[in-house]
Asks: 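Below are the structure tokens for one structure; questions will follow.
Note on naming: letters A, B, ... go to the chains in the order of the sequence lines (proteins, then strands), and numbering restarts at 1 for each one.
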2 protein chains.
Amino acid sequence: MQRKLPHSNLYLREEELRRGVELLYFAYRDFTRDPDEILAESRFGRAHHRVLYFVGRNPGTTVSGLLSLLRITKQSLSRVLGQLVEDGYITQESGLEDRRQRLLYLTDKGQAFEKELFATQRDRVAEAYKRAGPEAVAGFWEVLLNIVDAEERDTVLRQIEK
Amino acid sequence: MQRKLPHSNLYLREEELRRGVELLYFAYRDFTRDPDEILAESRFGRAHHRVLYFVGRNPGTTVSGLLSLLRITKQSLSRVLGQLVEDGYITQESGLEDRRQRLLYLTDKGQAFEKELFATQRDRVAEAYKRAGPEAVAGFWEVLLNIVDAEERDTVLRQIEK
DNA sequence: GAATTTATGTCAGTGTTGTTGACATAATAT
DNA sequence: ATATTATGTCAACAACACTGACATAAATTC
């Protein structure tokens, strides 16, 4: 007969690992809900939101910059980017040093829309931060960063510390 | 001229809110990568994974149980569930008390496949937990739970504390 | 017993987002 | 002069979500 041994790694048991997996699923499910609802009223979707977001955060970024950040294919990006440019949410300027590059910027219209979309997620996250408190928030960042692929952590750090 | 006032809510500034939004995006992006790769070799996708996962976690659950947990439409669920049954990953028994219900269970084949898929996410989460430590993990849970819609938190709690 | 509600299934159509692969162009680098 | 790079474009396809309508069988209510 086996005795239950006390051990210090209680947070690494199957149960706790499942909890992380499930909370990630449920949190992400709801996290995307508010912007998705706004987007559903336009001809845009979640992919457009991501492009708006990251162009807003990194004005002057290029197509290949977005590709490596979003990790989708050129064709997927090209489609949504084209629609955003066509509808006047994003402008492109050719690169100063390398004229093949297209430097991407939000127009005023793009900024306004991004702001509206972000507001819903900002409110949700702010409320969660408030309820959980600063120490919990630090832990939240720490674990999430370590869930990211090891090779990608530098890129992510550069992004979030901007 | 405005002076910078010290305040205790540093973790609620725009910068920290953006950090949460971005980490959630990047972590979830990579979190789904390993199972997606395995699934790509079969005719299944992420939706099948979710169904396998939650049926495995809640043996004997019903179609409506899954619908409210996953928050997708009947038609979306019906399609993937049908394929999983057809291919012998899930069996259904009619309910004992209510014979309209279909109680869902993983077959041995289903269990084996779920285990394989889960292993990749379990390893990733275990590694992240280890690197971040138990206090961080507690914070991670706390914030994620509060990101979930308020009305859904009870359901989620019931699920993760099973 | 009749009427309603519930649990589930199914069909047809649509839209977004991802994929692959092939090919094109212009600019930069060697 | 040639190769590489940054980007664009076209066609085709698959997964997964949606809506709306209709069907059936079982349970519940009047």
Asks: Tell me if a side-chain donor or acceptor on Arg153(A) pairs with a main-chain N or O of Asn146(A) at a distance below 3.5 Å.
Replies: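 Yes, Arg153(A) side chain to Asn146(A) backbone: donor-acceptor pair under 3.5 Å.
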
Asks: Ignoring backbone atoms, establish whether Thr73(A) has a side-chain N or O less than 4.0 Å from OP1 or OP2 of dG18(C).
Replies: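 No.
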
Asks: Round to the nearest Å and state the distance from Arg43(A) atom CZ to dT17(C) atom P.
Replies: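 To the nearest whole Å, that distance equals 11 Å.
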
Asks: Write down the distance between CG (Leu84(B)) and C1' (dA15(D)), rounded to a whole number of angstrom.
Replies: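 Rounded to the whole Å, the gap is 14 Å.
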
Asks: Please classify the nucleic acid contact of Glu97(B) as base, sugar-phosphate, or nothing, using heavy-atom distances under 4.0 Å.
Replies: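 Answer is sugar-phosphate: Glu97(B) comes under 4.0 Å of backbone atoms only.
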
Asks: Using the side-chain heavy atoms of Arg100(A), tell me which of these nucleotides is nearest: dG18(C), dT10(C), dA6(D).
Replies: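 Of dG18(C), dT10(C), dA6(D), dA6(D) is nearest to the side chain of Arg100(A).
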
Asks: Using whole Å, report how far CG of Leu77(B) lies from P of dA17(D).
Replies: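 Taking CG of Leu77(B) and P of dA17(D), I get 10 Å after rounding.
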
Asks: Taking the side chain of Arg46(A) as heavy atoms from C-beta outward, which of dT17(C), dA27(D), dT7(D) is closest to it?
Replies: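 Nearest nucleotide to the side chain: dT17(C).
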
Asks: Can you tell me the distance, in whole Å, between the CD atom of Glu37(A) and the P atom of dA17(D)?
Replies: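 Taking CD of Glu37(A) and P of dA17(D), I get 17 Å after rounding.
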
Asks: Give the nucleotide from the list dA6(D), dT8(C), dA17(D) with an atom nearest to the side chain of Lys74(B).
Replies: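 Closest nucleotide to the Lys74(B) side chain: dT8(C).
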
Asks: Going by an N to O cut-off under 4.0 Å, is there a salt bridge joining Asp36(A) and Arg33(A)?
Replies: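 Here Asp36(A) does not pair with Arg33(A) in a salt bridge, since their nearest N and O are not under 4.0 Å apart.
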
Asks: Where the side chain of Ser76(B) is concerned, which of dA17(D), dA7(C), dT7(D) is the nearest nucleotide?
Replies: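 Closest of the options to the side chain of Ser76(B): dA17(D).
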
Asks: In plain terms, say whether Glu15(B) and Arg18(B) are close enough for a salt bridge, that is, a side-chain N and a carboxylate O under 4.0 Å apart.
Replies: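 Judged by the 4.0 Å cut-off on N to carboxylate O distance, Glu15(B) and Arg18(B) do not form a salt bridge.
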
Asks: Taking the six-membered ring where the residue is Trp, are the ring centres of Phe44(B) and Tyr89(B) under 6.0 Å apart?
Replies: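 Centroid distance Phe44(B)-Tyr89(B): below 6.0 Å, so yes.
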
Asks: Expressed as a whole number of angstroms, how long is the span from Asp36(A):CG to dG15(C):P?
Replies: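 Atom-to-atom, Asp36(A) to dG15(C), this comes out as 18 Å.
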
Asks: Round to a whole Å and report the spacing from CG of Leu39(B) to C1' of dT19(C).
Replies: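 These atoms are roughly 15 Å apart.
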
Asks: Roughly, in whole Å, what's the span from CD1 in Ile72(A) to P in dA14(D)?
Replies: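 Atom-to-atom, Ile72(A) to dA14(D), this comes out as 20 Å.
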
Asks: Is a salt bridge present between Arg13(A) and Glu16(A), judged by a nitrogen-to-oxygen distance below 4.0 Å?
Replies: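 Salt bridge flag = yes for Glu16(A) with Arg13(A).
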
Asks: Is the phosphate of dA15(D) approached by His48(B) (side-chain N or O, under 4.0 Å from OP1 or OP2)?
Replies: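 Answer is no, no contact under 4.0 Å.
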
Asks: Can you measure Arg99(A) atom CZ to dA6(D) atom C1' for me and round it to whole angstrom units?
Replies: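 Result: 14 Å.
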
Asks: Among the candidates dT17(C), dA27(D), dC11(C), find the nucleotide nearest to the side-chain atoms of Arg79(A).
Replies: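 Among dT17(C), dA27(D), dC11(C), the one nearest the side chain of Arg79(A) is dT17(C).
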
Asks: Would you please confirm or rule out a distance under 4.0 Å between OP1 or OP2 of dA6(D) and any side-chain N or O of Thr62(A)?
Replies: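 So the side chain of Thr62(A) is outside the cut-off, no N or O lying under 4.0 Å from OP1 or OP2 of dA6(D).
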
Asks: Want to settle it: does His49(A) or Asp98(A) sit nearer the 5' end of DNA chain C, counting the closest nucleotide to each?
Replies: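 Residue closer to the 5' terminus by nearest nucleotide: His49(A).
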
Asks: Side chain of Gln75(B): nearest nucleotide among dC10(D), dT17(C), dT10(C)?
Replies: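 Nearest to the side-chain atoms of Gln75(B), counting from C-beta on, is dT10(C).
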
Asks: I want to verify a distance call: between dA27(C), dA17(D), dA27(D), whose nearest atom is closest to the Arg50(B) side chain?
Replies: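 Nearest listed nucleotide: dA17(D).
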
